[in-house]
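Structure first, commentary second.
Side chains included, hydrogens not; waters and symmetry mates left out as well; all remaining heavy atoms used. All of these numbers come straight from a predicted model, not from anything done at the bench.
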Amino acid sequence: MFRDRYKNAYDTITPPPELVSDTICKVQSGGGASVRKRFAVRMSIAAAAAAVCLVMAVPVCAAHIPAFYQIVEYISPSMADRLVPIEKSCTNKGITMQVEAIDIEGNEADIILSLRDAENSGQDLVHGAMDLFDSYGLSDYTNDSVIGGCCFLTYEEAEDKAYFQVMLQADSAYQSDKLQFRVNSVLCGNYNETKDVDLSGTVYTAETKTVTLSGSGGPLSEDMLPDFLKKIPATAEDPRPRVNVLDLMSASDCAADDFTVMGTAYEDGVLRVQVCMGDNSRSDRHVELFLRDSDGNEQYEDHSVSWHEEIGGARYQIYEFWFLADIADIADYSMYGIFHYSGELVEGPWQVTFRVEGD
């Protein structure tokens with residue numbers, strides 16, 4: 001499935017959508033000196049990532065999407081030259097999807113799209129942050145996109161529109177005279193909350209097990225990690241990436257529809273925190289963790305890995321977060337997380353067919 005192929009290909013390099021969203025919020029509010037310390041470095045990275053994404057797709061159609069144009073104009077006025085306006089729409093399940101503009105170069109495509117409540121639908125499904133649930137694609141009837149990424153840009157209340165940028169890549173150059181873009185499902189009403197993570201049960205020796213990875217990434221590349229955290233070399237019998245993770249709690253004891261902290265361990269200079277996201281087949285729960293020392297200094301994860309476990313016919317997603325730190329006494333440290341929840345899953349599909357006129 002496209003969703004699984006996307007996650008396997010891009011878990012390591014796609015910037016978290018919430019960081020891009022935070023950057024957009026700062027842009028809209030005019031910035032300021034009150035950015036919290038823990039985000040200082042990450043916000044800079046997110047701003048750069050957003051700028052790189054947006055440089056690849058720039059709005060000729062600015063007059064038609066004023067909210068997005070304000071964002072692009074603030075980041076770089078020179079980016080107003082390349083997007084081709086499309087304005088093709090499809091309505092289903094009370095939501096109207098509109099492809100606002102597209103930029104195609106060879107086998108790469110950048111798409112700006114919006115979602116809004118359908119006229120006279122009587123529903124309020126679009127009212128803030130949303131997610132396309134990794135269920136989108138672009139085809140030209142000769143090939144189909146196989147990898148990609150998506151950024152939630154902003155929600156414009158006056159227009160009741162949630163804007164997204166989708167970046168896709170195909171095996172060969174797109175034929176711009178016959179294109180079809182689709183979204184299969186969306187998540188409405190995303191929200192987050194900040195909660196403490198209890199470190200008092202941290203153990204100093206722990207059993208491990210070998211799992212097959214579905215994703216990994218973080219500020220530290222794998223070659224900078226201790227040997228015991230590195231991926232297990234592939235074999236002819238099993239070429240899939242594997243790694244050793246904590247074996248502290250059975251996934252069968254985790255909640256299917258909520259987060260479960262499965263355990264924490266500190267060994268050989270690495271604090272490992274394992275969190276189960278439950279069954280994410282119809283949701284998109286994820287968490288950002290922050291380690292704080294007694295002086296109030298905060299540290300984001302250095303690396304993380306994720307995998308799936310089958311429990312009673314459901315597919316649970318589990319993450320293990322690694323913090324490389326010299327910890328003499330775990331009691332001197334605390335941890336909290338920003339836990340991101342997804343709202344209602346609405347299954348479409350939404351699909352539009354269009355052509356891009358040449359110069």
Side-chain angles (χ1 to χ4, degrees), residues 4 7-16 19 38 41-42 45 197-251 254 259-277 280 285-293 297-310 315-339:
D4 291 330
K7 281 190 176 296
N8 290 336
Y10 263 73
D11 267 355
T12 60
I13 61 175
T14 301
L19 298 188
R38 71 170 186 267
V41 174
R42 297 173 60 235
I45 295 172
V197 175
D198 187 7
L199 296 179
S200 64
T202 299
V203 299
Y204 295 90
T205 59
E207 296 294 323
T208 61
K209 62 182 179 181
T210 301
V211 298
T212 300
L213 295 181
S214 61
S216 65
L220 288 188
S221 59
E222 186 185 5
D223 59 3
M224 300 174 67
L225 297 173
D227 289 342
F228 68 93
L229 295 180
K230 292 181 179 178
K231 294 175 184 175
I232 299 171
T235 64
E237 293 75 21
D238 191 354
R240 298 172 299 174
R242 296 173 296 151
V243 72
N244 290 321
V245 299
L246 298 176
D247 189 11
L248 297 176
M249 177 180 177
S250 172
C254 297
F259 297 93
T260 304
V261 178
M262 303 177 70
T264 59
Y266 181 72
E267 192 174 4
D268 296 328
V270 182
L271 178 64
R272 306 169 74 169
V273 184
Q274 197 172 99
V275 183
C276 179
M277 314 294 166
N280 263 350
R285 285 177 290 271
H286 57 279
V287 61
E288 301 170 89
L289 296 180
F290 300 89
L291 179 66
R292 179 190 289 138
D293 65 20
N297 300 310
E298 295 182 342
Q299 177 182 344
Y300 188 60
E301 69 190 63
D302 291 297
H303 201 82
S304 68
V305 294
S306 65
W307 67 98
H308 292 90
E309 295 190 20
E310 300 290 335
R315 198 163 182 249
Y316 285 33
Q317 185 175 38
I318 304 172
Y319 274 75
E320 190 168 290
F321 302 90
W322 300 336
F323 297 80
L324 278 61
D326 184 11
I327 299 176
D329 188 349
I330 196 67
D332 294 332
Y333 287 77
S334 62
M335 177 172 286
Y336 69 93
I338 303 175
F339 293 80

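Relative orientation of the H303 and W322 rings is parallel, given thresholds of 30° and 60° on the angle between their planes. Between F290 and Y300, the ring planes lie tilted relative to each other; the angle falls in the 30° to 60° range.
You'll find the side chain of F228 stays beyond 4.5 Å of the side chain of N244, heavy atoms only. By the 4.5 Å heavy-atom criterion applied to side chains, E320 and W307 are counted as neighbours. For the pair D332/D293, no side-chain contact is recorded, criterion being any heavy-atom separation below 4.5 Å from C-beta on. No side-chain heavy atom of V270 sits less than 4.5 Å from a side-chain heavy atom of D302. Taking 4.5 Å as the limit, every side-chain heavy atom of L248 sits out of range of all side-chain heavy atoms of M262. Counting only heavy atoms from C-beta outward, the side chains of Y333 and L271 never approach each other to under 4.5 Å. The shortest distance between side-chain heavy atoms of R240 and L213 does not fall below 4.5 Å.
For the pair G337 and V197, the tightest heavy-atom approach, listed with the atom from each and the gap, is N-CG2, 4.3 Å. The minimum heavy-atom distance linking A206 with L246 is given by the pair CB-CD2, 3.9 Å. Nearest heavy-atom pair, L324 versus P226, reported as atom, atom and distance to 0.1 Å: CD2-CD, 4.1 Å.
The NZ atom of K230 sits 6.5 Å away from the CG atom of D223 when rounded to the nearest 0.5 Å. With rounding to the nearest 0.5 Å, the separation of CG in L229 from CG in L220 is 10.5 Å. For the atom pair T260 OG1 and M249 CE, the distance stands at 5.5 Å (nearest 0.5 Å). Taking CG of L291 as the reference point, atom OG of S334 lies at 7.5 Å (rounded to 0.5 Å). Distance check: D268 CG to Y204 OH gives 13.5 Å after rounding to the nearest 0.5 Å. With rounding to the nearest 0.5 Å, the separation of CZ in R292 from CE in M335 is 10.5 Å.
Heavy atoms from other residues, nucleotides or ligands lying under 6.0 Å from CD of E207 number 12 at most.
Without hydrogens or angle criteria, S306 side chain to S214 main chain gives no donor-acceptor distance under 3.5 Å. Using a distance-only test at 3.5 Å, with no hydrogens or angles considered, no donor-acceptor pair links the side chain of Q299 to the main chain of F323. The backbone N or O of A251 lies less than 3.5 Å from no partner atom in the side chain of Y316, so there is not a single donor-acceptor pair. Distance alone, capped at 3.5 Å, places no donor-acceptor pair between the R242 side chain and the T210 backbone.
If you check the side chains of T208 and D247, you find no donor sitting under 3.5 Å from an acceptor.
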Output, in order, the C-alpha distance, side-chain angles, deciding distance and verdict of side chain to side chain contact (heavy atoms under 4.5 Å, CB included) for V203 and E267. CA-CA 8 Å; V203 299; E267 192 174 4; over 6 Å; no

Assess whether ring-ring contact (aromatic ring centres under 6.0 Å, His included) is satisfied between Y319 and F321, documenting all intermediate values. CA-CA 6 Å; Y319 274 75; F321 302 90; 5.8 Å; yes

